[in-house]
Amino acid sequence: MLHCLFFIYLQIDLIKMKSIFKFFIFFFIFILFFSCQKKDEKATWDLNIFTPLINTNLGIKNIITDSLIEVDSDSSLKLVYASSLYEFSVDSLVDIPDTIAFQSYSTPFNFTAIPGAQLINKTENKNLKLPGAELTKLIIKSGYINFKASSTVKEKIVCTYQIPSAKMNGNIISIREKIPPADANGPGVVTKKVDISGCTIILTGTNGADANILTNIYKIAIDSSANNIVITSKDNFKILANFEDLVFDYAKGYFGVQQIQSNLQSTSINLFKDIVGGAIQLEDIAFNLNIKNGFGVEASLCIKEFKSINSKTGNTVSLSGPIIGSLIHINRAKETYNAANPVIPSKTSVNFKQTNFNQLIENFPDRLDYSIDLNINPLGNISCGNDFMYFNQGVKANLEMEIPLSLNASKLTLTDTVDFKLSKPEDYQIEKGVLNLIADNGFPFAAKIQLYLIDENNTFIDSLIYSPNVINPGLTDENFIVISKSKSFIPIPISLEKMNSLYTAKKIIILIEFNTTAYPNYIKIYNHYNLDLKLTGDFKMMIN
């Protein structure tokens, strides 16, 4: 009798895994002894795989993003979710027209001008014409003045443009440029771009009691190096100045009554991205709209529309309740005059207790659609011209939810897809066998599980598990708290055809369907709940 020694190695490689199932499969069968067969016969063996092909632990953090879960004092879990819903910025509150100066001069008669002669010296109080607003002070964080001057006179002209109420480093804004002589090609032209970052502009006019008034000074003179020149009635001088890319660091005055109407907006929500079906009932949801106002203005906010959208099912649930269409008053911020922390924003919290918001969340939305209007100074100039705003402040509305994981579940179906690879052996063939799925369930849910095989083109190949495939819930006490895990065995017959499907598969789609068994009681989910899954096998093998 001849005894031979064989080594058999089988590996299933899960290359890339998502959040639900993370496992590593490896088994090794060592030292099989057999007696030699007749020369023309093929030998077969029963192969028992005691080392698990799958050995994984599934907790609630495999289903829901870890960063969204918090543990309460009783070790039960809750989801905490926050998202920015609405923001109104400084740029939208204060809007200054670009053109701040435009003057065109000509003389009704002819005269001779000598070198150095001043032709124009004019002070202008330019009304910026801000609809409804009365601004008295601006501090520019960044921006420019674009200056342009032209002359039809055929000698050099000195042009000076000043804003005496605009100062940088203690000096007024002053632009002095020489306009080249006009020639056959046209007027002489000069341009200049001036950085006014850090500039303070007072808009109270020459008497200090007005608003929206920018004081400009224009000066035009013959250059001292020029010749005597005859200025005719056809000659013309033009000065143009405008702001470019202004960003405000500070503004003060009365910002007017403004109604900012928004179109329908959307925000994505990824709490339920792995849920593909079923229903839940949540015992409670704490939902608040927290509004922070960093502007020194009174305001009111109105939610015109709010909807929960489930793009997978096409289902839409609209928010209903007294909050829809009602005005929510927002107090003004406080100015501290402390450069390090100049503003104390007001805070307003709106709860949704008298609404159907639970139904919006039970819809498993992946998107929230909403329309919100904002009213600035709805009561008018009650600050007596003392509205203010600072850079990087604004009106912000944040959605904040706390969802205690206390629920009922009916056919709540979760899905995940994992990469899969099983190489077909060359020296032997697995004819048939049984995979044994062993589940130790520490959740108070019964569950059904199914595995689908798909190829590299995401085309369905086959399913693995036959009915019945029920995983029993953990054993609970009278408060429906799991006191011990429940063990379930699910056999999975594997034919030669199934083996070939496994060799072809490149991915596995995993579906788990949960059902609570204590309805109508709500079941709390605790931090220590988990599900252990093991997969072993018993195969018949033929040596080639």
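Since the model is a prediction, treat every value here as computed from it, not as a measurement.
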M389/F255 under side chain to side chain contact (heavy atoms under 4.5 Å, CB included): CA gap, chis, key distance, verdict: CA-CA 10 Å; M389 53 122 294; F255 297 158; 3.7 Å; yes
Side chain to side chain contact (heavy atoms under 4.5 Å, CB included) assessment of L301 paired with F88: CA-CA 11 Å; L301 184 144; F88 182 73; over 6 Å; no
Working for side chain to side chain contact (heavy atoms under 4.5 Å, CB included), residues N392 and K141: CA-CA 11 Å; N392 210 27; K141 183 174 183 64; over 6 Å; no
Full working for side chain to side chain contact (heavy atoms under 4.5 Å, CB included) between Y81 and I403: CA-CA 8 Å; Y81 180 83; I403 308 175; over 6 Å; no
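Between the side chains of N457 and T459, no donor-acceptor pair is found at a separation under 3.5 Å. A donor-acceptor contact closer than 3.5 angstrom links the side chains of D235 and T152. For the residue pair N310/N363, the side-chain donor-acceptor check at 3.5 Å is not satisfied. With hydrogens and angles left out, the side-chain atoms of E400 and N288 include no donor and acceptor closer than 3.5 Å. Side-chain contact of S311 with D366: a donor-acceptor pair under 3.5 Å is present, judged by distance alone. Side-chain contact annotation: N125 with T215, donor-acceptor N/O pair under 3.5 Å present.
When side chains are defined from C-beta on, V190 does not count as touching K178, because their heavy atoms never get closer than 4.5 Å. Put simply, the side chain of N458 reaches to within 4.5 Å of the side chain of K507, judged on heavy atoms. N358 has its side chain out of reach of F287: every pair of non-hydrogen atoms, C-beta onward, lies at least 4.5 Å apart. Taking 4.5 Å as the limit, some side-chain heavy atom of F391 sits within range of a side-chain heavy atom of V247. Using a 4.5 Å heavy-atom threshold, the side chains of L79 and E402 count as separate. In this structure, S150 and V189 have side chains that are in contact, with non-hydrogen atoms separated by less than 4.5 Å. Looking at F248 and I140, their side chains come closer than 4.5 Å, going by heavy atoms from C-beta outward. Between R176 and V158 there is a side-chain heavy-atom pair separated by less than 4.5 Å.
Screening I163, N127, I96 for a side-chain contact (heavy atoms from CB on, under 4.5 Å) involving L214 leaves a single residue, I163. Screening K192, K148, K193 against E177 for a salt bridge (charged side-chain N to carboxylate O under 4.0 Å, His left out) leaves a single residue, K192.
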Show me the side-chain donor-acceptor pairs of residues 372-384 shorter than 3.5 Å, one per line, residues at least two apart or across chains.
unit_1 : atom_1 : unit_2 : atom_2 : d
D373   : OD1    : S262   : N      : 3.2
N375   : ND2    : S300   : OG     : 3.1
N377   : ND2    : G256   : O      : 3.2
N377   : ND2    : D387   : OD2    : 2.9
N381   : OD1    : C384   : N      : 3.2
N381   : OD1    : G385   : N      : 3.0
S383   : OG     : N386   : N      : 3.1
S383   : OG     : D387   : N      : 3.3
S383   : OG     : D387   : OD1    : 2.7

Side-chain donor-acceptor distances from residues 130-139 under 3.5 Å, at least two apart:
unit_1 : atom_1 : unit_2 : atom_2 : d
T136   : OG1    : K252   : O      : 3.3

Can you give me every donor-acceptor pair (side chain of residues 194-203, partner residue at least two apart or in another chain, under 3.5 Å) with its distance?
unit_1 : atom_1 : unit_2 : atom_2 : d
D195   : OD1    : S197   : N      : 2.9
D195   : OD1    : S197   : OG     : 2.7

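Summarising the geometry, atom OH belonging to Y161 is positioned 9.0 Å from atom CD1 belonging to I239; distances are rounded to the nearest 0.5 Å. Remark: L246 CG to S142 OG distance equals 8.0 Å, nearest 0.5 Å. Rounding to the nearest 0.5 Å places CZ of F109 at 11.0 Å from CD1 of I231. Atom-to-atom distance recorded for L319:CG and Q359:CD is 10.0 Å, nearest 0.5 angstrom. In this structure, NZ on K154 lies 8.0 Å from CD1 on I229, to the nearest 0.5 angstrom. Separating the CD1 atom in I222 from the NZ atom in K156 is a distance of 13.0 Å, to the nearest 0.5 Å.
Checking side-chain atoms of D284 against main-chain N and O of P404 turns up no donor-acceptor pair under 3.5 Å. Using a distance-only test at 3.5 Å, with no hydrogens or angles considered, no donor-acceptor pair links the side chain of N216 to the main chain of F102. E155 places no side-chain N or O within donor-acceptor distance of the main-chain N or O of D223, the cut-off being under 3.5 Å. Put simply, the side chain of N110 gets close to the backbone of S233: a donor and an acceptor are under 3.5 Å apart. With hydrogens and angles ignored, the 3.5 Å screen pairs no side-chain donor or acceptor of Y105 with any backbone N or O of I120.
Minimum heavy-atom separation, L282 to I285: CD1-CD1, 3.5 Å. Heavy atoms only, all atoms of each residue included: S266 and D369 are closest at OG-OD1, 2.6 Å. Between V343 and A333, the shortest heavy-atom contact is CG1-CB, 3.8 Å. Among all heavy-atom pairs drawn from S224 and P115, the shortest one is O-CB, 3.6 Å. Residues S318 and N356 share a closest heavy-atom pair of O-ND2, 3.1 Å. Contact between L128 and P97 at its shortest, heavy atoms only, is O-CG, 3.3 Å.
Ion pair K122/E124 not flagged as a salt bridge, since none of the NZ, NE, NH1 or NH2 atoms sits closer than 4.0 Å to an Asp/Glu carboxylate oxygen.
Taking the side chain to side chain donor-acceptor pair (under 3.5 Å) definition, one finds that T355 meets it with nothing, sequence neighbours left out. Considering only residues two or more places apart in sequence or on other chains, F295 meets the ring-ring contact (aromatic ring centres under 6.0 Å, His included) condition with none of them. Taking Y86 as the reference, nothing meets the ring-ring contact (aromatic ring centres under 6.0 Å, His included) condition, with sequence neighbours excluded.
Remark: E456 CD is packed, more than 12 non-hydrogen atoms of other residues, nucleotides or ligands lying under 6.0 Å away. By the 6.0 Å contact criterion, NZ on K334 is open, its count of non-hydrogen atoms from other residues, nucleotides or ligands being 12 or less.
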